[in-house]
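We name chains A, B, ... by the order of the sequence lines, and we start the count at 1 in each one.
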Amino acid sequence: MAHPRVLDRAELPVDTVQLARFLIGKMLVRMLAEGVAGGRIVETEGYDIGDPAGHAYRGMTPRNRALFLERGHAYVYLAYGSSFMLNVSSEMSGVGAGVLIRAIEPTDGIGIMERNRGTERVRDLARGPGRLSAALGIDRRLDGIDLCRAGPLWLGSDGQASDEIGQSKRIGITRAADRLLRFYVRGNWFVSGPQALNG
DNA sequence: ATAGAGATTGCCT
DNA sequence: GGCAATCTCTATA
């Protein structure tokens with residue numbers, strides 16, 4: 001990637017849905033012993049205040065406490081006993097809400113991601129939240145870290161103008177399933193989900 | 001205590 | 001397109 005700078009927290013919209021849209025086109029950067037890996041965020045979903053599909057809906061638990069941190073912190077949890085999911089906390093400190101990062105377009109450390117994923121199909125390296133976490137070696141050790149500081153995992157911007165952003169229903173949920181809180185880069189090859197949602 | 005659902009994935013037909 | 005794998009939390013007893 002072309003020398004991205006670390007995003008400042010003050011740049012992040014406080015509002016969950018605005019943050020979900022804002023993060024499209026930004027960079028996700030993972031620093032590993034083997035080198036740098038990461039890419040451009042092409043798909044996100046917002047889980048806002050009072051959302052019955054959100055993990056914070058029934059209050060704070062040991063698992064979801066990072067959702068209540070000030071915006072720009074990582075919430076990492078294990079879904080279905082097998083896949084880690086990366087979220088960016090949103091809203092003010094003490095309010096439980098966040099943005100799920102569903103896919104990135106790999107730009108750096110592709111060899112590292114291929115090893116972590118056990119495939120050389122670049123399209124499949126980070127298309128889907130579980131695959132993304134596997135590719136970047138993200139697990140619960142990163143739960144709660146600040147994504148607005150240079151560290152093991154951070155959000156960046158390379159100043160590139162964002163492509164056209166589409167909006168749709170969220171994937172894989174049953175509650176509040178009709179709300180249009182998913183954002184994606186229209187026409188991007190690295191976006192997950194059924195074709196019907198990606199027009 | 002126990003059972004069921006869940007922000008997924010990979011392998012099977 | 002169907003389905004099992006496997007962990008955490010919630011609801012019910």
Side-chain angles (χ1 to χ4, degrees), chain A residues 15-24 28 39 41-69 71-91 95-106 113-144 147 153 155 165-185 189-198:
Chain A
D15 179 80
T16 302
V17 182
Q18 287 184 44
L19 179 62
R21 184 188 294 270
F22 172 87
L23 288 175
I24 297 293
L28 182 66
I41 297 170
V42 294
E43 183 184 356
T44 65
E45 285 178 356
Y47 290 85
D48 60 354
I49 299 172
D51 178 7
H55 283 186
Y57 185 59
R58 292 178 172 82
M60 194 184 301
T61 68
R63 176 176 73 162
N64 71 17
R65 64 188 166 74
L67 276 179
F68 293 80
L69 296 172
R71 68 191 188 279
H73 288 79
Y75 165 48
V76 180
Y77 77 95
L78 184 63
Y80 298 104
S82 54
S83 301
F84 289 103
M85 307 277 147
L86 171 66
N87 295 251
V88 180
S89 68
S90 59
E91 306 294 339
V95 177
V99 174
L100 172 70
I101 310 298
R102 285 195 57 93
I104 65 172
E105 176 175 342
M113 293 190 267
E114 287 175 345
R115 263 204 315 287
N116 287 340
R117 287 274 297 117
T119 178
E120 292 187 356
R121 295 187 55 189
V122 177
R123 189 190 181 203
D124 290 341
L125 291 180
R127 179 169 53 91
R131 292 166 171 171
L132 182 160
S133 293
L136 297 182
I138 292 170
D139 60 28
R140 230 168 310 174
R141 286 173 298 189
L142 295 174
D143 186 45
L147 299 173
L153 182 67
L155 293 167
I165 297 176
Q167 188 168 359
S168 79
K169 297 178 183 180
R170 294 173 292 185
I171 294 175
I173 60 166
T174 56
R175 292 179 288 201
D178 289 336
R179 300 183 65 205
L180 303 178
L181 298 181
R182 171 175 176 267
F183 297 92
Y184 61 96
V185 176
W189 183 246
F190 300 91
V191 170
S192 78
Q195 200 59 47
L197 285 185
N198 293 332

**OP:** Can you tell me the distance, in whole Å, between the CZ atom of A:Arg127 and the C1' atom of B:dA7?
**Re:** 17 Å
Subject >> Distance, rounded to the nearest Å, where A:Ile101 contributes CD1 and B:dT8 contributes P >> reply: 14 Å
**OP:** Could you summarise the pairing of DNA chain C as dot-bracket text, marking Watson-Crick and G-U pairs under 3.5 Å with ( ) or [ ] inside the strand and | across strands?
**Re:** |||||.||||||.
Subject >> Short side-chain N/O contact from A:His55 to OP1 or OP2 of B:dA7, under 4.0 Å >> reply: yes
Subject >> Closest to the A:Thr174 side chain, choosing from B:dA7, B:dG6, B:dT8 >> reply: B:dG6
**OP:** Could you state the atom-to-atom distance from CG of A:Asp124 to C1' of B:dG10 in whole Å?
**Re:** 11 Å
Original post:
Just how far, in rounded Å, is C1' of C:dT8 from CG of A:Asp143?
Top reply: 13 Å
**OP:** Report the distance from atom CG of A:Asp51 to atom P of B:dG6, rounded to the nearest whole Å.
**Re:** 14 Å
Original post:
What do the steps show when you test A:Thr119 against A:Arg131 for side chain to side chain contact (heavy atoms under 4.5 Å, CB included), and what is the final call?
Top reply: CA-CA 11 Å; A:Thr119 178; A:Arg131 292 166 171 171; over 6 Å; no
**OP:** Measure across A:Pro106 and A:Phe190 and return the closest heavy-atom pair with its distance rounded to 0.1 Å.
**Re:** CD-CD2, 3.7 Å
**OP:** Using only side-chain N and O atoms of A:Arg175, determine if any of them is under 4.0 Å from OP1 or OP2 of B:dG6.
**Re:** no
Using atom types as modelled, flag every donor-acceptor pair under 3.5 Å from a side chain in residues 73-81 of chain A to any protein atom, sequence neighbours excluded.
| from | atom 1 | to | atom 2 | distance (Å) |
| --- | --- | --- | --- | --- |
| A:His73 | ND1 | A:Glu70 | O | 2.8 |
| A:Tyr75 | OH | A:His55 | ND1 | 2.7 |

Original post:
Of the candidate nucleotides B:dA7, C:dT10, C:dC9, which contains the atom at the shortest distance from the side chain of A:Arg58?
Top reply: C:dT10
Original post:
What is the minimum heavy-atom distance between A:Gly130 and A:Ser83, and which atoms define it?
Top reply: CA-CB, 3.9 Å
Original post:
Under 4.0 angstrom, heavy atoms only, what part of the nucleic acid is A:Asn64 near: base, sugar-phosphate, or nothing?
Top reply: nothing
Original post:
OP1 or OP2 of C:dT8 less than 4.0 angstrom from a side-chain nitrogen or oxygen of A:Thr61, does that happen here?
Top reply: no
Subject >> A:Arg131 side chain, from C-beta outward: closest of B:dG10, B:dA7, C:dT6 >> reply: B:dG10
Subject >> Taking every non-hydrogen atom, the tightest pair across A:Gly128 and A:Ala103 >> reply: N-CB, 4.0 Å
Subject >> Nearest-nucleotide comparison on DNA chain B, the residue closer to the 5′ end among A:Leu78 and A:Gly130 >> reply: A:Leu78
**OP:** Rounded to the nearest angstrom, tell me the gap between atom CZ in A:Arg123 and atom P in B:dG10.
**Re:** 14 Å
Original post:
Which part of the nucleic acid, if any, lies within reach of A:Arg63 when heavy atoms closer than 4.0 Å are counted: base, sugar-phosphate only, or nothing?
Top reply: sugar-phosphate
Original post:
Just how far, in rounded Å, is C1' of B:dG10 from CZ of A:Arg117?
Top reply: 9 Å
**OP:** Check whether the aromatic ring of A:Tyr47 stacks on the base of B:dA7, taking stacking as ring centres less than 5.5 Å apart and planes within 30° of each other.
**Re:** yes
Subject >> Heavy-atom closest pair, residues A:Arg182 and A:Ser192 >> reply: NH2-O, 2.9 Å
Original post:
Is it true that A:Arg175 and A:Asp51 make a salt bridge, defined as a side-chain N closer than 4.0 Å to a carboxylate O?
Top reply: no
**OP:** Tell me what A:Ala53 touches on the nucleic acid: a base, only sugar-phosphate, or nothing, going by heavy atoms under 4.0 Å.
**Re:** base
Original post:
Within this structure, what is the CG-to-P distance between A:Asp48 and B:dA7, rounded to whole angstrom?
Top reply: 15 Å
**OP:** Identify the two heavy atoms, one from A:Val191 and one from A:Val42, that lie closest to each other, and give their separation to 0.1 Å.
**Re:** CG2-O, 3.6 Å
